[in-house]
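Heads up: the structure comes next, in structure tokens.
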Amino acid sequence: MEKPRADRHPVLNKRAFRNTLLKWFQANAKTYPWRETTNPWSILVSEIMLQQTTVASVMANRRFEKFLEEFPDIETIAAAPEAQILRAWEGLGYYNRVRNLQKSAQAVLRDFDGEFPSDAKTLETLPGIGRYTAGAVSSFAFDRPAPIVDGNIARVLSRLLDCHQEVDSTPGQKIIWEAAAELLDSAKPRLFNSALMELGQTLCTPKSTACLICPVRGFCQTSSPESLPVKKPRKKFVQVDEHAFFWIKKDHLLLSQGHDSRRKGFWKLPLRSPEECSHLEPVSRHRYTITHHKVTLYLYHARPPHLIDGEKFHPISDLADLPIATPIRKILTQKTTELGL
């Protein structure tokens with residue numbers, strides 16, 4: 001069915017747009033644990049966690065609640081060893097997020113006497129906190145009039161304004177952020193930002209648009225919502241082969257600690273070059289995806305041809321407490337189960 005035509009412009013009719021959106025949100029708002037608090041630490045955790053993780057995944061596994069049970073305040077996480085915070089974040093990926101979360105907590109204790117600043121510009125000076133996260137903490141925790149633009153809001157605004165500029169380009173970002181600031185209800189920023197975000201999560205979604213029941217359909221300027229937003233071409237996946245060794249010695253498993261920025265601090269199976277494994281037959285193959293890499297891991301039940309720095313035997317009983325990336329943990333769980341360990 002054809003999308004209804006707009007009879008008003010959201011920017012030229014800001015008050016009506018805000019009132020319409022807020023009326024819908026107050027009647028239809030979903031309940032999330034991070035909406036039940038105005039604690040800035042809790043809200044910061046939720047925003048960092050949700051940056052690269054879906055709401056459904058966070059809710060299904062109680063990721064947010066479990067993390068706050070272990071780190072209920074900035075003092076707790078500021079003093080925690082890195083291995084503990086990495087283990088708590090396991091399965092969420094993009095682990096520099098939790099490292100920066102710890103650094104932000106330490107900065108608040110050090111530079112702001114333990115009190116979170118309420119101003120978005122000041123919040124943006126904390127490690128790993130960009131414009132969106134700063135605005136989210138400012139508006140959701142302190143009800144300050146700070147605009148925010150995430151993927152949902154960028155999509156909604158591009159359709160409302162019929163903006164065909166790439167939303168992930170510098171000019172496109174400028175247009176969308178200016179629109180977010182212009183439309184923001186400064187009297188109710190917490191509610192307004194939540195409403196705009198929820199519209200993108202529930203009705204104005206990437207794959208389908210519920211235009212006929214959208215509360216702001218009368219303001220939406222585009223005639224082809226499915227064509228928006230326009231984005232830069234996606235990066236192509238890179239195929240990667242890994243050759244890993246599974247070597248158990250007296251109920252101890254040989255593991256290697258990662259040192260690259262993506263896997264720093266995490267334990268993984270020892271890897272060797274294809275040439276060093278050419279005389280061996282893999283016992284299994286495992287495929288997984290990390291960011292823009294599609295990995296095929298060939299697993300050998302054998303002793304590596306030599307040991308290298310950073311490799312260490314760990315009791316199999318201790319694996320549950322070590323920070324290990326989810327794909328590797330799945331492989332370890334499968335193999336130890338097969339061997340009855």
Side-chain angles (χ1 to χ4, degrees), residues 21 24-39 41-72 85-98 100-101 128 130 132-133 135-137 139-141 148-159 167-168 190-211 213-216 225-226 228-229 231 234-235 237 287-294 323-330 333:
L21 180 64
W24 166 81
F25 180 67
Q26 289 171 317
N28 297 277
K30 291 183 178 295
T31 299
Y32 298 124
W34 46 87
R35 282 187 180 163
E36 305 301 312
T37 180
T38 57
N39 181 292
W41 166 241
S42 299
I43 289 171
L44 177 60
V45 169
S46 73
E47 290 300 333
I48 297 294
M49 191 172 286
L50 289 163
Q51 280 176 10
Q52 303 290 346
T53 311
T54 65
V55 170
S57 177
V58 172
M59 292 291 288
N61 299 299
R62 295 188 70 252
R63 298 280 195 186
F64 174 70
E65 295 94 329
K66 288 178 181 177
F67 191 86
L68 286 179
E69 286 167 7
E70 189 164 355
F71 305 107
I85 66 170
L86 292 176
R87 182 68 183 93
W89 201 261
E90 190 176 305
L92 291 166
Y94 300 91
Y95 291 95
N96 277 337
R97 290 183 298 164
V98 75
N100 284 328
L101 197 55
Y132 164 77
T133 304
V137 174
S139 62
F140 295 148
I148 61 173
V149 174
D150 69 344
N152 287 303
I153 291 176
R155 182 171 59 257
V156 169
L157 293 180
S158 72
R159 291 169 176 173
V167 293
D168 47 359
R190 180 188 292 127
L191 279 176
F192 181 85
N193 282 339
S194 296
L196 202 56
M197 188 181 297
E198 183 139 319
L199 188 67
Q201 291 173 345
T202 58
L203 300 182
C204 197
T205 63
K207 294 182 180 179
S208 63
T209 54
C211 296
I213 60 171
C214 177
V216 294
E226 67 283 347
L228 296 172
K231 293 183 178 180
R234 286 186 176 184
K235 291 182 180 179
F237 279 100
R287 291 181 173 84
Y288 59 92
T289 301
I290 296 182
T291 56
H292 300 292
H293 297 81
K294 288 189 174 181
I324 299 171
T326 299
I328 304 304
R329 187 175 295 282
K330 287 180 179 178
T333 299

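Quick note: numbers below take in every heavy atom, side chains included, and nothing from hydrogens, waters or symmetry partners. Everything quoted here is computed from the prediction, not taken from an experiment.
Counting heavy atoms from C-beta outward, L157 and V167 have side chains that stay 4.5 Å or more apart. Proximity of S42 to F64: side-chain heavy atoms (C-beta onward) are separated by under 4.5 Å at one or more points. Side-chain contact check for Y288 versus T326: every heavy-atom pair is 4.5 Å or farther apart. In this structure the side chain of S194 reaches within 4.5 angstrom of the side chain of F25, judged on heavy atoms. Using a 4.5 Å cut-off on side-chain heavy atoms (C-beta onward), F237 and T291 make no contact. In this structure, the side chains of Y32 and E198 come closer than 4.5 Å at one or more pairs of heavy atoms. Contact annotation: the side chain of C211 approaches that of P225 to within less than 4.5 Å [non-hydrogen atoms, C-beta and beyond]. Side-chain atoms of W24 and V216, non-hydrogen and from C-beta on, never get closer than 4.5 Å to each other.
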Please walk me through it: do R329 and E90 pass salt bridge (charged side-chain N to carboxylate O under 4.0 Å, His left out)?
CA-CA 10 Å; R329 187 175 295 282; E90 190 176 305; 2.2 Å; yes

Going through the checks in order, is the salt bridge (charged side-chain N to carboxylate O under 4.0 Å, His left out) test met by E226 and R159?
CA-CA 9 Å; E226 67 283 347; R159 291 169 176 173; over 6 Å; no

Applying side-chain contact (heavy atoms from CB on, under 4.5 Å), run through I48 and W89 and close with a yes or a no.
CA-CA 11 Å; I48 297 294; W89 201 261; 3.9 Å; yes

With a 3.5 Å cut-off and sequence neighbours excluded, list the donor-acceptor pairs that the side chains of residues 55-62 form with protein atoms.
residue : atom : partner : partner atom : Å
N61     : ND2  : S57     : O            : 3.2
R62     : NH2  : E69     : OE2          : 3.4

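Shown here for E65 and P33, the closest heavy-atom pair between the two residues is OE2-CG, 3.5 Å. In terms of heavy atoms, P215 sits closest to L203 at CD-CD1, 3.7 Å. The nearest pair of heavy atoms linking S158 to L228 is O-CD1, 3.5 Å. Closest approach of A195 to L21, counting heavy atoms only: CB-CG, 3.8 Å.
Neither side chain, Y94 nor Q51, offers a donor N or O lying under 3.5 Å from an acceptor on the other.
Screening T37, L191, I148, T38 for a side chain to side chain contact (heavy atoms under 4.5 Å, CB included) with F140, the sole residue that qualifies is I148.
Ion pairing between E47 and R97 fails under the 4.0 Å rule for side-chain N and carboxylate O.
Here the CD1-CG distance, from I153 to N193, works out to 5.5 Å after rounding to the nearest 0.5 Å. One distance of note links CD of Q201 with CG of N152; it measures 5.0 Å at 0.5 Å rounding. Remark: L68 CG to N39 CG distance equals 8.0 Å, nearest 0.5 Å. Atom OG1 of T202 and atom CD1 of I213 lie 8.5 Å apart (nearest 0.5 Å). Taking CD1 of I85 as the reference point, atom CG of L101 lies at 8.0 Å (rounded to 0.5 Å). Between the OG atom in S139 and the CZ atom in F192 there is a gap of 11.0 Å [rounded to 0.5 Å].
With hydrogens and angles ignored, the 3.5 Å screen pairs a side-chain donor or acceptor of R155 with a backbone N or O of G200. Judged by distance alone, with hydrogens and angles left aside, the side-chain atoms of R63 form no donor-acceptor pair with the main-chain N or O of M49 at under 3.5 Å.
A tilted orientation is assigned to the rings of W41 and F67, their planes being inclined by 30° to 60°.
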